[in-house]
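Worksheet for the structure shown next.
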Number of protein chains: 2
Amino acid sequence: MARTTSAGGRKSGPVTLALVAQRAGVSTQTVSNALNSPELLAPATLKRVRQALDELDYRPHQAARSLRTRSSRLIGYGVQPTPPGLSTPVSDHFLHALSDSADQAGYRILLFASLLGADDEAERYDELLREHSVDGFVLNNTYRGDKRPAWLHKKGVPFVAFGRWSAKDTGDWVDVDGAHGTAAAVDQLVAAGHRKIAFLGWPRGSGVGDDRAGGWREAMRRHDLPVRDLRVSSVDEVDAARTAVARVVGRATAVVAASDTLALGCYRALRDAGLSPGRDVAVVGFDDSPAARLLSPSLSSLRQPLDEVGRACTRILMARIKDPDAAPERVLLAPELIVRESSSAESHP
Amino acid sequence: MARTTSAGGRKSGPVTLALVAQRAGVSTQTVSNALNSPELLAPATLKRVRQALDELDYRPHQAARSLRTRSSRLIGYGVQPTPPGLSTPVSDHFLHALSDSADQAGYRILLFASLLGADDEAERYDELLREHSVDGFVLNNTYRGDKRPAWLHKKGVPFVAFGRWSAKDTGDWVDVDGAHGTAAAVDQLVAAGHRKIAFLGWPRGSGVGDDRAGGWREAMRRHDLPVRDLRVSSVDEVDAARTAVARVVGRATAVVAASDTLALGCYRALRDAGLSPGRDVAVVGFDDSPAARLLSPSLSSLRQPLDEVGRACTRILMARIKDPDAAPERVLLAPELIVRESSSAESHP
DNA sequence: AGGTGAATTTTGATCGATCCAAATCATGAG
DNA sequence: CTCATGATTTGGATCGATCAAAATTCACCT
């Protein structure tokens, strides 16, 4: 008899507040209150309304609600065109955590295509705001000199950045403590007997990169180990890593890389030099990409707590939407070192 | 003077149709027509209205529009919690292509968390529909026995599936021709001199897996090559691939894998057996994950045209929304074989 | 001059929920 | 029994756009 899972659909048509009200014998306002301020209703009425709500399986019309309350309950998130070859193992997991936690707070994620760094990038954000399509933003892949945070801040738009380098003093952010991660990697390598530990990273200037390099440097100093000439930078993952590693070979017994991609370039370079990663030279990556577990030797890596990052972003953004003038919140989460074959063997003297 | 980039903001406040109308000296309806049916206006009026529109930098209030037109201009897309370890290099690129092309069609993507295969999964979709939050859906990660397509079809909800195995006869879909891909891999290996080419895939039963296996089989037969005992299945990427490859070692000089992950497991297994991937045994993967390019030897792989898939999804969904009763559309796109070191060397007899 | 139909513009209602303020009800004190 | 007081409930306006239909203007013909 019933065509759908919902009950009581004799004559179909939209289930509106008015319909529920009619069925419960009250006014629409009362039904609205049952949903939004149940404490205002007399217990008996509340019960009756709730039953009608239930029987009709009512769901509020978002556009109507949004029009009246001037809040879309949507959060904007711009997806960038992943540059081919550059892996961003981040987004997938992060997006799920983000939308899952947002869902629980009654919000949803609105995806839009954004051209990172394009001149008219702000235009895309502005448009969404003027259209009242979103209540706030989550920014990802922020970079030094990123204009978005300052711009949003000035306009008084709620937002959270995943990445602290652009919004350091401008607003709320959540980030992963890269320095803590690379330091942990050094600690583990030292414990395994390594003393000459090189760092393979990107050219100075990027927030994330310098952060990760800084952690390595700090840990090396803490262990009274030499740092000179052990830091190598490269942009292209394959070629540059190769020449870079060549410079280090013989000088180091372990390499901490700023990303799994660089670590892979390192594997390659070592093999080309006739060395065996993991056996001759220990390697630790960053990001714990899916491949890390499967490589031979499997790659030790620092796993970012993306679930937590996502949840934190939601939590903070919700707070900011509720109270735009509250003190900004900053959250720094530590990555977890996953030790695998590439760094677990004892070092060779 | 001007605080924002927009011009003429003396007294701020929301820029509505009414405001534009007042400035242009016409009725709101006329402004609305200027936007939605400009051909109805007299040229002179149109010009005047457009100027006002421009000066005020008007953007329609989406909720208001949505309420009246009963269309949210949003497309639902459920993100699944990526099972840890299982890589889905798909989503990132695909999502960008999808939201980019949707944007161009005046639509945006609404992300929501969905628990794949959960009992109440349909509930999540139903809720979005009842709320009028979306006009349609893009399904991803469909699987055999997936109930969503049939359910959506029955309700008359516009949708497109990325993956043909669940919606074969139920609705529109876009998919990548896995068989074509593996066949191309076989062709290339044969051209390089290989005759004993094994297939490493998942257990029978999954649409994608059987499709890819089918392409290998077809190509082998076409080349008059033996197929018997050369097909190996495994679920876990590392361990099972290892034992599976062990069974093939000596029998085959090349392996076509159903995924890069399996190919990686294969690398590992070969090394454990004292063999060198690429040199002793050629390997071809599927998906062209970021790691493929960086492995040593770099991994030949089949790249899915995710940009095109995304664009096709949008195009088809738009057509379906416009005309719910049109004949269903199905698009099958060929993956591109990227030949790298792992399969380019001549085979050893 | 009057009329006709097409072109152009305007009026008024409407989508569905929530705001605000007013109306009704219940309770107990005087 | 009346009135004040607070607890519940309701009426009407409103958010900003679009729909449907009516009103106005215009060009052109007889």
Side-chain angles (χ1 to χ4, degrees), chain A residues 12-50 52-53 56-74 106 127-135, chain B residues 12-50 52-53 56-74 106 127-135:
Chain A
S12 61
V15 180
T16 68
L17 264 195
L19 189 61
V20 178
Q22 186 188 336
R23 182 172 187 117
V26 296
S27 71
T28 61
Q29 183 58 55
T30 300
V31 182
S32 174
N33 284 337
L35 291 165
N36 302 315
S37 323
E39 74 281 4
L40 290 180
L41 297 203
T45 320
L46 183 56
K47 193 178 164 197
R48 196 149 37 92
V49 174
R50 284 214 166 124
L53 241 18
L56 295 173
D57 197 14
Y58 169 81
R59 291 284 182 290
H61 191 301
Q62 291 301 340
R65 183 213 280 271
S66 174
L67 175 60
R68 192 60 181 110
T69 63
R70 331 197 110 271
S71 142
S72 63
R73 305 203 143 240
L74 290 178
E127 202 175 342
L128 289 166
L129 290 169
R130 311 176 69 97
E131 284 177 348
H132 300 267
S133 287
V134 299
D135 292 349
Chain B
S12 61
V15 179
T16 68
L17 264 195
L19 189 60
V20 179
Q22 185 189 338
R23 183 176 188 115
V26 295
S27 72
T28 62
Q29 183 58 55
T30 300
V31 182
S32 174
N33 285 337
L35 291 167
N36 301 315
S37 324
E39 74 280 4
L40 290 180
L41 296 204
T45 320
L46 183 56
K47 193 177 166 200
R48 198 150 37 91
V49 174
R50 285 214 166 126
L53 241 19
L56 295 173
D57 197 13
Y58 169 81
R59 291 285 182 290
H61 192 300
Q62 291 301 338
R65 182 211 281 270
S66 174
L67 174 60
R68 192 61 180 96
T69 64
R70 331 197 111 272
S71 141
S72 63
R73 307 202 144 240
L74 291 178
E127 202 175 343
L128 290 165
L129 290 170
R130 311 176 69 96
E131 284 178 349
H132 300 266
S133 287
V134 299
D135 293 349

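All chains are named by letter (A, B, ...) in the order of the sequence lines, taking the proteins before the strands, and each is independently numbered beginning at 1. Just the heavy atoms: all of them, side chains too, but no hydrogens, waters or symmetry mates, feed the values below.
- Atom CZ of Arg70(B) and atom P of dT14(C) are 14 Å apart (whole Å).
- Rounded to an integer number of Å, the gap from CD of Glu131(B) to C1' of dA17(C) is 13 Å.
- For the OP1/OP2 pair of dT18(D) and a distance below 4.0 Å, the side-chain nitrogens and oxygens of Thr69(B) include no atom meeting the criterion.
- The nucleotide whose nearest atom lies closest to any side-chain atom of Pro14(A) is, among dT8(D), dA17(D), dG16(C), dG16(C).
- Straight-line distance from the CD atom of Gln62(B) to the P atom of dC15(D): 19 Å, rounded to whole Å.
- Within 6.0 Å of atom CD in Gln22(B), 12 or fewer heavy atoms from other residues, nucleotides or ligands are found, so the atom counts as exposed in its surroundings.
- Results of the side-chain contact (heavy atoms from CB on, under 4.5 Å) test with Ser32(B) over Thr30(B), Thr28(B), Asn36(B), Leu35(B) single out Asn36(B) as the only residue that passes.
- We find the OG1-CG distance between Thr45(B) and Leu40(B) to be 11.5 Å, quoted to the nearest 0.5 Å.
- Set against dG16(C), dA17(D), dT11(C), the side chain of Gln29(B) has dT11(C) as its closest nucleotide.
- As a whole-Å value, the separation of Leu46(A) CG from dA7(D) P is 17 Å.
- Remark: Gln62(B) CD to Glu127(A) CD distance equals 9.0 Å, nearest 0.5 Å.
- Rounded to a whole Å, the CG atom of Leu67(B) is 17 Å from the P atom of dA13(C).
- Across the protein-nucleic acid pair, Arg73(B) atom CZ and dA17(D) atom P stand 15 Å apart, rounded to whole Å.
- Of the candidates dT9(C), dT18(D), dT9(D), dT9(D) carries the atom nearest the Leu41(A) side chain, counting heavy atoms from C-beta on.
- Ser27(A) comes within 4.0 angstrom of a nucleotide base, judged by non-hydrogen atoms across all strands.
- In this structure, Leu40(B) atom CG and dA20(D) atom P are separated by 13 Å, rounded to whole Å.
- Taking atom CG on Asn36(A) and atom C1' on dC20(C), their separation rounds to 15 Å, with Å as the unit.
- Nucleotides of DNA chain C nearest to His61(A) and Glu39(B) differ in position, and the one nearer the 5' end is that of Glu39(B).
- Thr30(A) comes within contact range of at least one nucleobase, with a heavy-atom separation under 4.0 Å.
- Among the heavy atoms of the strands lying under 4.0 Å from Thr45(A) are primed sugar atoms or P, OP1, OP2 only; no base atom is included.
- DNA chain C is contacted by both Asn33(B) and Ala64(B); Asn33(B) maps to the nucleotide lying nearer its 5′ end (nearest heavy atom per residue).
- The CG atom of Leu129(A) sits 9.5 Å away from the CG atom of Asp135(A) when rounded to the nearest 0.5 Å.
- Taking 3.5 Å as the limit, the base of dT14(C) and the side chain of Arg68(B) contain a donor-acceptor pair of atoms between them.
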